[in-house]
Amino acid sequence: MADHINRNYIKQFFGLPDTQEGAVELSEIESRLVRFVYENGEDICEIGAESDGMYFIDSGTAVVLNGEGDQVNILHKGNYFGEYAALTGEKRLSTVRSLGRTVVYRLSNDDAALYISKHPEIYGELMKRVYSQVSGKHTQLMALSGMRKGVLRHPSNSALLSGKQVAIHYGILVALFLAAVIFVPRSTTAPVFLIPLMFMPIYAVLTRRTIESLLVSTALAALLAYRNGVFVGFTDAIEKSMSSSGNVFTVLVMALIGAVVNLITISGGVTAFEKMAIKIEKTPRSIYLTSLGIMAATSIDDGLNMLAASYASYSPAKKSGVVREKLALFYSMLPTVLSSFLPISLWGIYVIGTLRASVGVDAPALFCKSIPFNLFSMITLVAMVLFSFGKLPLTPRLKKAQKRYDGGGTLWPDGSEKYLSVHETEVWGKISNVMLPILVLVVSSIAFRSFVNNNFVLDSAVGLVATLAFMFILYTFRGVMPPEQFVEHMVDGIANSVPAIVMYIVTMCFSSLLNRLNLADYFEDMIDVFGGYIFLLPAVVFVLSLLLTMVLGSSWAMYAISFPVVLSLVGSSGLSPAVFVGAIAGAGIAGEKLSMFTAESLTVGIAVGINPKDAFRVRLTYSIVFAALAAAGYVVMGLFL
């Protein structure tokens, strides 16, 4: 028999008992394994090919390639592959190529099905492993995608529409557009802006396609504003929005930070803190506090910080018996909150860009002044610190989860099996490869432009360009990646930012069109409604912005609508804009925690190994309480400010 794929390996892999029946079955499986030898560069299996079985590597190394020929994983002796296609009957998802001489053993599809059918528990365990590998790859992709930015996606949208469905769906849209043109007069004092403003959330809820709902609603607003046709009006509106230097700056910075985040992730950023965490995370408290530190240190991106912290703490949390519901709460509530305190994070850059394009003020300074007034983020941070020390009251759901585990149950709730992840790190990232670029980004964003102008200036674009230059030298010198791959990964990072950039451009265009339809003027007239209750305005803005985020499923779409309207209203009333920027910023974060439409629950579910529905439910109660406390805080704040 083989050196590594021996009887003991097979017995452990299939979970065979130490009985006579188990010994017989072990011999049968052993006799059905077929040995193959592949030389360097030979494909063991090819993407898109029919499955011929699952493979076990006895010796050597193999690389896993995606459809573009890029390496996405590496396999060594003792690893296995091909189980997904063998169990599901689907075609191969990737190409596995021998790196040097590789010896493998294959168990055919029929043989695998035969032994799996005898032991349902083996099938369950294998499916967990299948989903572990699939979700592990998915997690890495999620770290780089626009999904966590509030770009709404839903599994139902992956299905193709029939010709009849397309004709009916978009035929109704054309009819609505024509009705708007025919029945809405050119010159009217009525609040015409309500038509596209109300149409967008309705369309988003019905289709669950945020970007499409923004595009369609923007086209409708352009038609009502310009009356020169959908295509001409829409194009004119886009060109006008992009003529703003503030918008151009924000798009540039979003693309550059996408490149930086992608390069950090490719260098092993997600796994960089794992060894450190294993050494120091011995108790639930140390796990939470260490995770908090990791997320704070990597908060330039709210996906990177969540994945880096959750990956590092996966094994210690498992050993310490921390139930997945508690991990889901912690990693769901904190990442965006921590990013909201950093002006050079992707979240901060988006908000600053929206402020700059909307009101033309010193946006970075206004952002920094608003941080103390972001009550939801402040309350959440304090609550999670209390949670780390075991001082935050637990909800019945969390108590039930802990009771389940204490009673001998699993760490995860039922229905979480497909999201369980077994981390087998192949490439250990270095903390310095993560933290040095972030440190350079912080320093250069402040130093270079301030030195040239002889006064304090925060310029994240200059900082990002300097950081990319530094990363090129650091990564190529250390052998992390060759120059050609560095450029490829940089371009991939920019491409991964496209969904967020498109959302920014379209939402800024939509906001400008609403103002052209007299949205700001209308709300300025509405200020008289408050009369002697003007102190309620910060709380009202917070609640309305929160509700708008929940409906849209996107804080970014809400920001582009709320900031220009509210700040123009505040400017004419002599109120403090920093208070309202903080209220709107916090409302966006709170709204996404309370919305079922965002992809955040899926991201957290895959990262910690829990059903996304349970991840959403466990944070729901706390999010409601924190939002209510924030609203009450704004009422009190209104009395004094």
Side-chain angles (χ1 to χ4, degrees), residues 135-136 138-144 147-148 261 264-320 322-342 345-347 377 380-381 383-389 392 411 419 421-423 425 427-435 437-438 589 593 599-610 612 615 618-619 622:
S135 66
H138 196 186
T139 297
Q140 295 175 8
L141 295 175
M142 292 279 283
L144 310 174
M147 293 182 70
R148 65 185 184 278
V261 171
I264 289 177
T265 305
I266 295 298
S267 74
V270 172
T271 64
F273 299 90
E274 187 173 1
K275 286 185 177 180
M276 178 194 72
I278 292 174
K279 291 180 180 179
I280 65 177
E281 294 184 355
K282 304 299 183 182
T283 64
R285 178 184 299 180
S286 63
I287 290 170
Y288 294 131
L289 294 178
T290 303
S291 295
L292 176 60
I294 294 173
M295 285 189 282
T298 57
S299 56
I300 60 168
D301 183 87
D302 57 311
L304 174 65
N305 65 354
M306 187 272 290
L307 289 175
S310 63
Y311 198 102
S313 301
Y314 183 89
S315 296
K318 186 177 181 180
K319 291 181 180 178
S320 298
V322 180
V323 294
R324 300 293 165 82
E325 286 90 339
K326 290 183 177 180
L327 294 176
L329 174 66
F330 197 77
Y331 294 126
S332 179
M333 298 300 295
L334 275 178
T336 310
V337 163
L338 293 171
S339 292
S340 70
F341 299 138
L342 186 64
S345 68
L346 181 55
W347 187 94
S377 292
T380 301
L381 177 58
M384 290 300 100
V385 172
L386 292 175
F387 178 78
S388 301
F389 285 92
L392 186 72
L411 288 170
Y419 300 97
S421 179
V422 179
H423 297 288
T425 305
V427 179
W428 294 93
K430 293 183 178 180
I431 294 179
S432 58
N433 285 341
V434 178
M435 296 311 302
I438 293 176
I589 299 173
K593 305 303 179 190
E600 186 175 287
S601 296
L602 178 60
T603 312
V604 173
I606 293 173
V608 306
I610 189 175
V618 78
R619 74 165 186 251
Y622 289 103

Asker: Answer yes or no: is there a side-chain heavy-atom contact under 4.5 Å between Met276 and Ile431?
Answerer: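 Side chain of Met276 against side chain of Ile431, heavy atoms only: contact under 4.5 Å found.
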
Asker: Working note: Leu381 + Leu334, criterion side chain to side chain contact (heavy atoms under 4.5 Å, CB included); need CA distance, chi angles, decisive distance, verdict.
Answerer: CA-CA 7 Å; Leu381 177 58; Leu334 275 178; 4.0 Å; yes

Asker: Mind listing the closest non-hydrogen atom pair of Ala615 and Ile610 along with its distance?
Answerer: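 Heavy atoms of Ala615 and Ile610 come nearest at CB-CG2, 4.2 Å.
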
Asker: Enumerate the ring-ring contact (aromatic ring centres under 6.0 Å, His included) contacts for residues 275-303, please, sequence neighbours excluded, ordered by first and then second residue.
Answerer: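 As it turns out, the ring-ring contact (aromatic ring centres under 6.0 Å, His included) pairs with a partner in residues 275-303, which skip direct neighbours, are Tyr288-Phe330, Tyr288-Phe387.
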
Asker: Output all residues satisfying side-chain hydrogen bond (donor to acceptor under 3.5 Å, both in side chains) with Thr298, sequence neighbours left out; order by chain, then residue number.
Answerer: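 Per chain and number, Thr298 pairs via side-chain hydrogen bond (donor to acceptor under 3.5 Å, both in side chains) with no residue.
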
Asker: Would a 4.5 Å heavy-atom cut-off, applied to side chains only, mark Leu392 and Met384 as touching?
Answerer: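 Yes, at least one pair of side-chain atoms sits under 4.5 Å.
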
Asker: Which residues pass the side-chain hydrogen bond (donor to acceptor under 3.5 Å, both in side chains) test with Tyr331, not counting sequence neighbours?
Answerer: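 By the side-chain hydrogen bond (donor to acceptor under 3.5 Å, both in side chains) rule, Tyr331 matches Ser291, Ser313.
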
Asker: Measuring from Met333:CE to Met306:CE, what's the distance to the nearest 0.5 Å?
Answerer: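 Answer rounded to 0.5 Å: 14.0 Å.
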
Asker: Please report the interatomic distance OG1(Thr336) to CG(Asp301), rounded to the nearest 0.5 Å.
Answerer: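 Here the interatomic distance stands at 9.5 Å.
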
Asker: So, for Ala309 and Met295, which heavy atoms are closest and what is the spacing to 0.1 Å?
Answerer: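 Minimum heavy-atom contact is CB-CG, 3.5 Å.
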
Asker: Holding to side chain to side chain contact (heavy atoms under 4.5 Å, CB included), I want the full list of residues that pass it with Ser339, two or more places apart in sequence or in another chain.
Answerer: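 With neighbours one apart ignored, the set is Ser299, Asp302, Asn305, Ser345, Trp347.
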
Asker: Quick one: side chain to side chain contact (heavy atoms under 4.5 Å, CB included) partners of Ala297, sequence neighbours excluded?
Answerer: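 Testing Ala297 for side chain to side chain contact (heavy atoms under 4.5 Å, CB included), a comparison that skips the adjacent residues, returns Met435.
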
Asker: Can you measure from CZ (Arg324) to CG (Leu329) and round to the nearest 0.5 angstrom?
Answerer: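 Going from CZ on Arg324 over to CG on Leu329, the span is 15.0 Å.
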
Asker: Are any of the side-chain heavy atoms of Tyr314 and Leu327 separated by less than 4.5 Å?
Answerer: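 No, their side chains stay 4.5 Å or more apart.
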
Asker: Under a 4.5 Å cut-off applied to non-hydrogen side-chain atoms, are Ser377 and Ile589 in contact?
Answerer: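 Yes, at least one pair of side-chain atoms sits under 4.5 Å.
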
Asker: Can you name the residues that form a side-chain hydrogen bond (donor to acceptor under 3.5 Å, both in side chains) with Thr380, not counting sequence neighbours?
Answerer: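 Here no residue qualifies.
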
Asker: Could you tell me the separation between the CG atom of Leu307 and the CG atom of Leu304, rounded to the nearest 0.5 Å?
Answerer: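 It is 7.5 Å, given to the nearest 0.5 Å.
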
Asker: Do Val261 and Leu346 have side chains that approach each other closer than 4.5 Å (heavy atoms only, starting at C-beta)?
Answerer: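 Answer no - side chains too far apart.
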
Asker: Rounded to the nearest 0.5 Å, how far does CD1 of Ile280 lie from CD1 of Ile287?
Answerer: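 Reported to 0.5 Å precision, the distance equals 10.5 Å.
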
Asker: Would you call Asn433 and Ile264 a side-chain contact if the rule is heavy atoms closer than 4.5 Å?
Answerer: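 Result no, sub-4.5 Å side-chain heavy-atom pair not found.
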
Asker: Locate the shortest heavy-atom distance separating Ile278 from Pro316; write the atom from each residue and the value.
Answerer: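 Smallest interatomic distance, heavy atoms only, reads CA-CG, 4.1 Å.
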
Asker: Any side-chain to backbone donor/acceptor pair from Arg619 onto Lys593? Under 3.5 Å, distance only.
Answerer: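 Side chain of Arg619 to backbone of Lys593, a donor-acceptor pair under 3.5 Å: yes, one is there.
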
Asker: With sequence neighbours excluded, what pairs up with Ser320 under the side-chain hydrogen bond (donor to acceptor under 3.5 Å, both in side chains) test?
Answerer: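 side-chain hydrogen bond (donor to acceptor under 3.5 Å, both in side chains) list for Ser320, sorted by chain: empty.
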
